[in-house]
Structures are given as structure tokens and as C-alpha cells.
Asker: 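Pasting in a structure now, in C-alpha cells, and then I'll have a few things to ask.
Numbered from 1 within each chain, the chains take letters A, B, ... in sequence-line order. When reading the values below, keep in mind they use all heavy atoms of this one structure, side chains included, and skip hydrogens, waters and symmetry mates.
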There are 2 protein chains.
Amino acid sequence: MTSNLASTLITKLTVSNNLDSADIRAIHGLPIRERKLGASALIVADGARSTDCCLLAEGFAFRAKTTFEGQRQVLSLHIPGEIPDLQSLHLHVMDHELVALTPCKVGFIAHEAIRDANQQRPNLAAALWRETLIDSAIFREWIVNVGRRSAAARMAHLLVEMHQRLKAVGLTQDDGFAFPITQAELGDCLGLSTVHVNRTLQSLRKDGLISVERAEFRILDMQGLEFLAGFDPTYLHLNPSI
Amino acid sequence: MTSNLASTLITKLTVSNNLDSADIRAIHGLPIRERKLGASALIVADGARSTDCCLLAEGFAFRAKTTFEGQRQVLSLHIPGEIPDLQSLHLHVMDHELVALTPCKVGFIAHEAIRDANQQRPNLAAALWRETLIDSAIFREWIVNVGRRSAAARMAHLLVEMHQRLKAVGLTQDDGFAFPITQAELGDCLGLSTVHVNRTLQSLRKDGLISVERAEFRILDMQGLEFLAGFDPTYLHLNPSI
DNA sequence: CGGACTGTTGATTCGAATCAAAACCGGTGG
DNA sequence: CCACCGGTTTTGATTCGAATCAACAGTCCG
């Protein structure tokens with residue numbers, strides 16, 4: 001069957017949560033308004049007051065803040081099945097922006113509909129709360145990444161994280177994964193300049209850790225990359241029962 | 001009346017949430033086991049599986065991760081009334097540690113008790129969810145802080161944030177606030193070396209922005225400090241209705 | 001074919017880390 | 001009461017990682 005919007009959400013939620021059939025029915029029952037967006041489209045603006053959440057069904061998106069001096073910092077990267085602005089359910093004014101990294105298919109779900117479903121299905125509410133907490137755990141790891149790791153370790157960590165998250169929803173081929181991001185955008189994720197991102201990637205390639213061609217990253221030495229990154233997957237909380 | 005453990009939680013929740021009298025009764029009904037802790041006491045270890053949440057009633061605490069190379073990064077600072085490990089309600093294994101920054105009075109509340117209260121009082125559950133989302137919003141701002149701001153701006157931002165959060169629960173005197181933290185710990189918050197923290201603080205003092213004596217910080221030029229920090233208080237979500 | 005974006009390279013600067021040592025401070029015990 | 005001690009703050013000298021500046025090459029696309 002063709003994967004509709006709700007199915008991508010269910011796939012993603014099931015990675016980290018135990019949903020029962022009634023929960024899944026409730027998700028299928030959610031009214032979702034589909035939309036297609038081009039790369040770099042602004043999905044939700046900083047300062048906005050949303051009445052909907054945005055379910056990312058295809059493509060990549062990111063959340064970002066821009067400093068007073070005009071420097072952009074990417075806060076998180078989002079993959080299909082995620083609801084990057086789920087926090088807007090309880091935080092009514094956006095403190096950052098949500099942007100399409102690549103062309104995307106998204107679905108907007110009214111807060112009211114999610115609130116109703118949460119009331120009917122407390123287990124679904126718990127799963128969504130848990131998703132926002134995993135979001136939070138990833139933010140924490142990113143603080144460590146930009147605060148304490150070298151450029152090479154930062155890059156390695158980001159790549160390993162993306163590989164693991166994409167693998168969990170079946171969006172990898174072996175050690176390769178499609179990830180269409182520019183070096184400037186990588187710099188905004190890692191708190192590095194574009195030039196330094198370029199040199200860091202070259203160094204990872206030279207050391208035989210990764211290969212990059214076009215929008216396709218490939219991890220050639222997973223052990224080596226994880227060691228360089230100091231990667232510990234605990235923070236991704238991918239196992240529903242722990 | 002003497003402020004017991006539950007009251008500090010109510011004070012803090014009321015800053016950002018609308019609680020009704022039944023919610024407040026439910027909080028007062030929570031069984032809380034009080035404990036006193038010395039400075040640098042480990043409250044919850046990385047990797048632990050908690051059965052309780054820790055309510056911080058007096059003193060300061062922080063959450064932190066330690067990299068493979070032994071570098072510590074502080075992820076968040078916590079003030080009285082907060083539950084720094086509220087996420088453990090849904091994330092059963094700790095991906096970081098919780099530590100007492102100063103001598104603390106804390107209260108442990110069983111997950112079961114909180115779950116029961118949440119079931120009885122959906123409005124309380126929403127408030128706690130919102131608290132974890134505000135936590136998340138602060139993490140986002142910290143990513144920007146360590147990723148994109150200069151040392152002086154980072155320090156300024158941290159001090160303005162702490163002042164605003166402490167003011168919201170009545171723990172400031174005018175522009176001064178008690179904040180017993182060493183320069184090494186500030187470095188761990190900001191991703192800076194101790195030596196550079198020292199020089200950064202000197203520069204803020206020289207510019208007449210702050211004064212520090214003992215554990216007492218004083219903001220001498222709020223406008224100037226906020227401008228240097230590029231501070232926008234939106235992310236603190238201190239207004240319950242937005 | 002031209003133009004805009006993206007990636008690459010080299011030269012240089014700069015902010016912050018590191019290394020090393022001294023000064024300061026509060027507590028403790030002789 | 002004072003000497004001592006560990007932790008903290010301060011200072012100076014030096015190194016180093018990453019930013020910046022400036023070009024140029026590659027690629028995609030209208």
C-alpha cells in the first residue's frame with residue numbers, strides 16, 4: 001500500500017513507543033492537510049502562533065535560530081515521520097523557525113485534533129510527550145557537540161546520528177544514506193564556517209571514514225567514525241521499553 | 001507559612017502555567033521524600049534507571065554530560081521549584097547526570113505518584129509537559145549560545161537568563177542574585193576554559209556591565225548586558241497564556 | 001551562454017586553549 | 001592564633017584550531 005502521511009508518523013512513533021491498535025486507529029483518524037514545499041521554504045516562522053503541527057512525511061527539515069549578528073544556528077534536523085513543531089501544542093509562540101532543507105511533503109494537523117486524540121488515547125499522549133523528550137535529549141547531545149567537541153568529532157557525531165535515526169525508519173541502504181545538505185548548512189548545524197566544514201569533510205574522507213557524492217553520504221568505517229565522535233546511542237532512546 | 005517542598009513546585013509551575021485549586025491540591029497530595037545534599041553531590045547518575053523524580057527545593061543543581069576525552073559540558077542549570085529529571089517519567093534510562101551545584105534540599109517523588117496525579121488532573125499533566133518543553137526551549141538557546149556567540153556574549157546571555165528565571169520565582173534582590181558557581185563550572189556551561197572565563201568576567205566588569213563578589217552577581221547595566229548577549233526572553237515562555 | 005549557487009584552495013588573522021606559575025581565600029588543626 | 005592546605009582566582013607567555021578574506025573551479029539551470 002502507498003505510504004500516506006499518517007503511516008510515516010506511525011512508523012516513526014513505533015520506533016520508540018509501544019502503540020496498540022486503538023492508538024494507531026486514532027492516528028489514522030486524524031485530519032491531516034497535505035502540502036508540498038520547495039527546498040528552503042519557511043514552514044513556520046520564528047514568533048508565529050501556530051494552530052497546527054507539521055508532520056514531515058517526505059524530505060528533510062531543520063529548526064534554526066538566527067542571532068542578532070545574523071549568524072544562523074541549526075538546532076535540529078528532521079526526518080520523515082517526525083513532527084518538528086510538536087512543542088507548539090503547549091508553547092504557543094515559536095521561539096525559532098522551521099524550514100524545509102529539501103523539497104518536502106508535509107501534513108498539517110490541527111492542535112485541537114491532537115488534543116482530542118490525546119484525551120481519548122492517553123497512551124498516544126504519552127508517546128507524543130516521549131517524542132518531545134527524545135527531541136530534548138538530542139538537543140542536549142548537540143550542546144555537547146558544539147560546546148566540547150573538535151570540528152572532526154562534531155561532523156562525525158552528526159553523521160553517525162543521522163545514520164542511526166534514518167536506519168531506524170528504514171531510510172538507509174547499508175552504510176549509505178541520502179542526505180542532501182550543503183556544506184554551509186552543515187556549518188550552521190555544527191557552529192563552524194563553511195570553509196572549515198569543507199576541510200573537515202576532506203579530512204574524514206582522507207582517513208577513509210566516509211565518502212560523499214552528491215547528496216549521498218556513505219560511512220566506510222563505522223567503528224572509526226563512532227570512536228572519533230565519541231558516540232553513545234543512549235540519547236536517541238530508540239528502544240520503546242527503556 | 002514555611003515554604004515546604006510542594007510549595008516551591010507550585011510557585012515555579014505557576015510562573016508558566018495556569019493551575020486551578022484542584023491541581024494545587026493534587027500537588028500538595030503528592031508523597032515527597034525530603035533529602036539534604038552537599039555541594040557536588042551526584043543526585044542521579046548517567047545511565048541510571050530512575051523510579052522517582054527529583055524536585056529541587058533549595059539550592060542550585062545542574063545536568064551534565066562528560067565526553068570520551070573527559071571534558072564536561074553542563075547542559076542546564078536548575079533553580080528551586082524545578083524538577084530537573086522530569087523527563088525520566090518517559091525516558092527510563094538517564095542519558096546524562098544530575099548534580100548538586102550547591103548544598104541542596106531536594107524531594108523525591110515516585111513516578112507512580114506523578115502518573116496518578118497526571119491521570120486525575122489532565123491540566124497538571126499539561127503543565128508538566130509544558131515544563132519539559134520549556135526545558136527544551138532553554139536547551140535550544142544554549143545550542144545557539146555555545147555554537148554561535150562570542151565568549152563575552154555567552155557569559156552575558158547566561159547571566160541574563162539566570163537573572164530572569166530567578167526573578168520569576170522571587171529569588172533576586174533588584175539586579176543582584178545569589179549564584180554560587182565557580183569559574184571552572186561556568187566554563188563547563190559555556191564551553192570555555194577556566195582561564196578564558198576569568199578574562200571574560202574581567203572584561204564584563206571593566207565595561208561596567210556586572211559586578212561579582214563572592215557568590216553574589218549583580219547586573220549593573222541590564223540594557224548593555226542584554227544587548228551584548230542578543231537576549232530575547234521569548235524562549236523562557238514565562239507567560240502562562242502564550 | 002551567462003549567472004547563481006556550491007565546493008575548493010591558499011594566505012592570514014584572531015579568539016580561545018593550553019601551559020605554567022603566582023596570589024588569594026576559607027577552612028582546619030596543631 | 002597562626003601555619004598550612006586544597007581549591008579558586010588571577011596573570012603572563014605561547015600555541016593552536018578555526019574564522020576570515022580572497023580567489024577560483026565546478027555544477028546546475030534557465
Asker: Could you tell me the separation between the CD atom of A:E213 and the C1' atom of D:dT27, rounded to a whole number of Å?
Answerer: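 Computing the A:E213:CD to D:dT27:C1' distance gives 16 Å.
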Asker: When you measure from the side chain of B:S150 to the backbone N and O of B:A153, does any donor-acceptor pair fall under 3.5 Å?
Answerer: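 Judged by distance alone, yes, a pair lies under 3.5 Å.
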Asker: Any side-chain heavy atom of B:F139 sitting closer than 4.5 Å to one from A:I138?
Answerer: no
Asker: Whole angstrom is fine here: how far is it from CG in A:D188 over to P in C:dT6?
Answerer: 12 Å
Asker: Report the residues that fulfil salt bridge (Lys or Arg N to Asp or Glu O under 4.0 Å) with A:E161, sequence neighbours left out, ordered by chain and then residue number.
Answerer: A:R165
Asker: With a 4.0 Å cut-off on heavy atoms, is A:G187 in touch with a base, just the backbone sugar-phosphate, or nothing at all?
Answerer: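 A:G187: no heavy atom of the nucleic acid under 4.0 Å.
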Asker: What is the distance, rounded to the nearest whole Å, between atom CG of B:L186 and atom C1' of C:dA17?
Answerer: 17 Å
Asker: Figure out the NE2/C1' separation between B:H196 and D:dT14, and round it to whole Å.
Answerer: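 Between C1' of D:dT14 and NE2 of B:H196: 15 Å.
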Asker: What is the distance, to the nearest angstrom, from the CE atom on A:M155 to the P atom on C:dG7?
Answerer: 11 Å
Asker: Start at the 5' end of DNA chain D and walk down; is the nucleotide closest to B:R199 or to A:L192 reached first?
Answerer: B:R199
Asker: Looking at A:A61 and A:I43, what are the two nearest heavy atoms and their distance?
Answerer: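 Closest approach of A:A61 to A:I43, heavy atoms only: CB-CD1, 4.3 Å.
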Asker: Flag yes if more than 12 heavy atoms outside B:R205 fall under 6.0 Å of its CZ atom; otherwise flag no.
Answerer: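 More than 12 heavy atoms, drawn from other residues, nucleotides or ligands, come within 6.0 Å of this atom.
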Asker: Classify the side-chain pair A:H78/A:S76 by whether it contains a donor and acceptor separated by less than 3.5 Å.
Answerer: yes
Asker: Could you state the atom-to-atom distance from CZ of B:R149 to C1' of C:dA16 in whole Å?
Answerer: 18 Å
Asker: Please give the angle, rounded to 10 degrees, between the axes at the start and the end of the helix from C:dC1-D:dG30 to C:dG30-D:dC1, where five pairs define each axis.
Answerer: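 Angle reported: 30°, given to the nearest ten degrees.
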Asker: What do you reckon, are the aromatic ring centroids of B:F227 and A:F68 less than 6.0 Å apart?
Answerer: yes
Asker: If we ignore angles and hydrogens, is there a donor and acceptor under 3.5 Å between the side chains of A:N145 and A:E141?
Answerer: no
Asker: I'd like a list of close polar pairs between nucleotides 6-10 of chain D and the protein, N/O only, cut-off under 3.5 Å.
Answerer:
residue : atom : partner : partner atom : Å
D:dT9   : OP2  : B:Q183  : N            : 2.8
D:dT10  : OP2  : B:Q183  : NE2          : 2.8
D:dT10  : OP2  : B:N198  : ND2          : 2.6
D:dT10  : O5'  : B:N198  : ND2          : 3.2

Asker: Over 60° means perpendicular and under 30° means parallel, so tell me whether A:F231 and A:Y235 are parallel, tilted or perpendicular.
Answerer: perpendicular
Asker: Nearest whole angstrom, please: distance from the C1' of C:dA17 to the CD of B:Q73.
Answerer: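 From B:Q73 CD to C:dA17 C1': 15 Å.
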